[in-house]
Amino acid sequence: MTAVVSVRRADITTMSVDAIVNAANESLLGGGGVDGAIHRAAGPGLQDECETLHGCATGSAKITGAYALPARHVIHAVGPVWHGGDRGEQLALASAYQAAIALAHEHGCRSVAFPCISTGIYGYPKALAAEVAVRAVGRALASAPSVEEVTFCVVDDENLALYRGILSR
Ligand code: AR6
């Protein structure tokens, strides 16, 4: 079965899906941006569970419960900091998306929502990141049959237009 991949303007903390993905950092101990929003909406139990995980390498992902969020799980994926593009950023970003889809599949998740990982505080150019995200998710879905629905959750006009353009090709 082919998964449905779409874009939607929404605060990811409101998504009633099996897993929302967090754009985390290697410490997994919270931060600003979407990470801060997810921790605030989930409540302190999320932080407590994250403290037991001992961090996560860039390009990888770890899964927790979702506590007060409407989702069932939070997948904490760590994207790269943008340093100009010649320090393996593209591979690391693709790897973060792929790791998140693989974990979602292992946990039987049918629906997954992603933010635009690395494109805020980490400075990855949005247009480049959107191409990487859609391609990496598409590839990963081929080995993740439990995942039937992927939503890219965007909060700004630029990303909405970028993802609409790529997904309509
Ligand atoms: N729902 C969906 N997307 C959001 C939301 C939201 N509620 N809030 C922000 N975004 P960022 P990064 C978008 O900075 O670049 C944290 O401190 C935002 O507009 O959250 O991967 C972590 O702890 C942008 O498009 O993540 C790390 O230290 C996208 O989410 C660091 O920031 C990602 O922006 C990670 O930086």
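The model shown is predicted, which means the values in this text are computed figures rather than measured ones. Just so you know, these numbers use all the heavy atoms, side chains as well, and skip hydrogens, waters and symmetry mates.
Here the CG atom belonging to L29 is positioned 8.0 Å from the NE2 atom belonging to H39, to the nearest 0.5 angstrom. In this structure, SG on C50 lies 4.5 Å from CG on L46, to the nearest 0.5 angstrom. For the atom pair OG1 (T119) and CG (L128), the distance works out to 11.5 Å, reported to the nearest 0.5 Å. If you take CG on L91 and CD on Q98, they are separated by 9.0 Å, rounding to the nearest 0.5 Å. In this structure, CD on Q47 lies 5.0 Å from CD on E51, to the nearest 0.5 angstrom.
Criterion: ILVMFWY side-chain heavy atoms under 4.5 Å apart, direct or through other members. Under it, L162 and L160 are not part of a common hydrophobic cluster. Hydrophobic clustering keeps I63 apart from V17 (ILVMFWY residues linked when any side-chain heavy atoms are closer than 4.5 Å, directly or through intermediates). At a threshold of 4.5 Å between side-chain heavy atoms, the hydrophobic network of Ile, Leu, Val, Met, Phe, Trp and Tyr places M15 and Y163 in two separate groups. Side-chain heavy atoms closer than 4.5 Å link hydrophobic residues (I, L, V, M, F, W, Y) into clusters, and following such links, possibly through other members, connects Y67 to V34. Under the 4.5 Å side-chain heavy-atom criterion for Ile, Leu, Val, Met, Phe, Trp and Tyr, I121 and I117 are members of distinct hydrophobic clusters.
A salt bridge does not link D156 to R9: none of the charged nitrogens lies less than 4.0 Å from a carboxylate oxygen.
For R110, the CZ atom sits in a loose shell: 12 or fewer heavy atoms of surrounding residues, nucleotides or ligands are nearer than 6.0 Å. The environment of Q90 atom CD is sparse: at most 12 non-hydrogen atoms of other residues, nucleotides or ligands sit within 6.0 angstrom.
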Query - side chain to side chain contact (heavy atoms under 4.5 Å, CB included) between I166 and R169, intermediate numbers included - result: CA-CA 6 Å; I166 295 167; R169 275 187 212 146; 3.9 Å; yes
Query raised in the report: How far apart are the C-alpha atoms of T151 and I12, what are their side-chain angles, what is the distance that settles it, and do they pass the side chain to side chain contact (heavy atoms under 4.5 Å, CB included) test?
Result: CA-CA 10 Å; T151 308; I12 202 165; over 6 Å; no
Query raised in the report: Taking it one step at a time, do V134 and Y97 satisfy side chain to side chain contact (heavy atoms under 4.5 Å, CB included)?
Result: CA-CA 9 Å; V134 173; Y97 278 97; over 6 Å; no
Query raised in the report: Can you check side chain to side chain contact (heavy atoms under 4.5 Å, CB included) on E89 and Y124, steps first, answer last?
Result: CA-CA 8 Å; E89 291 95 330; Y124 206 117; 3.7 Å; yes
Could you go through residues 100-109 and list every donor-acceptor pair under 3.5 Å that involves a side-chain atom there, pairing it with any protein atom two or more places apart or in another chain?
{"residue": "H105", "atom": "ND1", "partner": "S146", "partner atom": "N", "Å": "3.2"}
{"residue": "H105", "atom": "ND1", "partner": "S146", "partner atom": "OG", "Å": "2.5"}

Could you give the side-chain donor-acceptor pairs of residues 72-85 under 3.5 Å, partners two or more places apart or in another chain?
{"residue": "R72", "atom": "NH1", "partner": "D18", "partner atom": "OD1", "Å": "3.1"}
{"residue": "H76", "atom": "ND1", "partner": "N22", "partner atom": "ND2", "Å": "3.2"}
{"residue": "H76", "atom": "NE2", "partner": "T64", "partner atom": "OG1", "Å": "2.9"}

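Taking all atoms of both residues into account, the shortest heavy-atom contact from V132 to A94 is CG1-N, 3.6 Å. The minimum heavy-atom distance between V7 and L167, with the atom names listed, is N-CD1, 3.8 Å.
Neither side chain, E148 nor S111, offers a donor N or O lying under 3.5 Å from an acceptor on the other.
The closest donor-acceptor contact from the side chain of S168 to the backbone of R164 lies under 3.5 Å. Using modelled atom types, no side-chain atom of K126 and backbone atom of E158 make a donor-acceptor pair closer than 3.5 Å.
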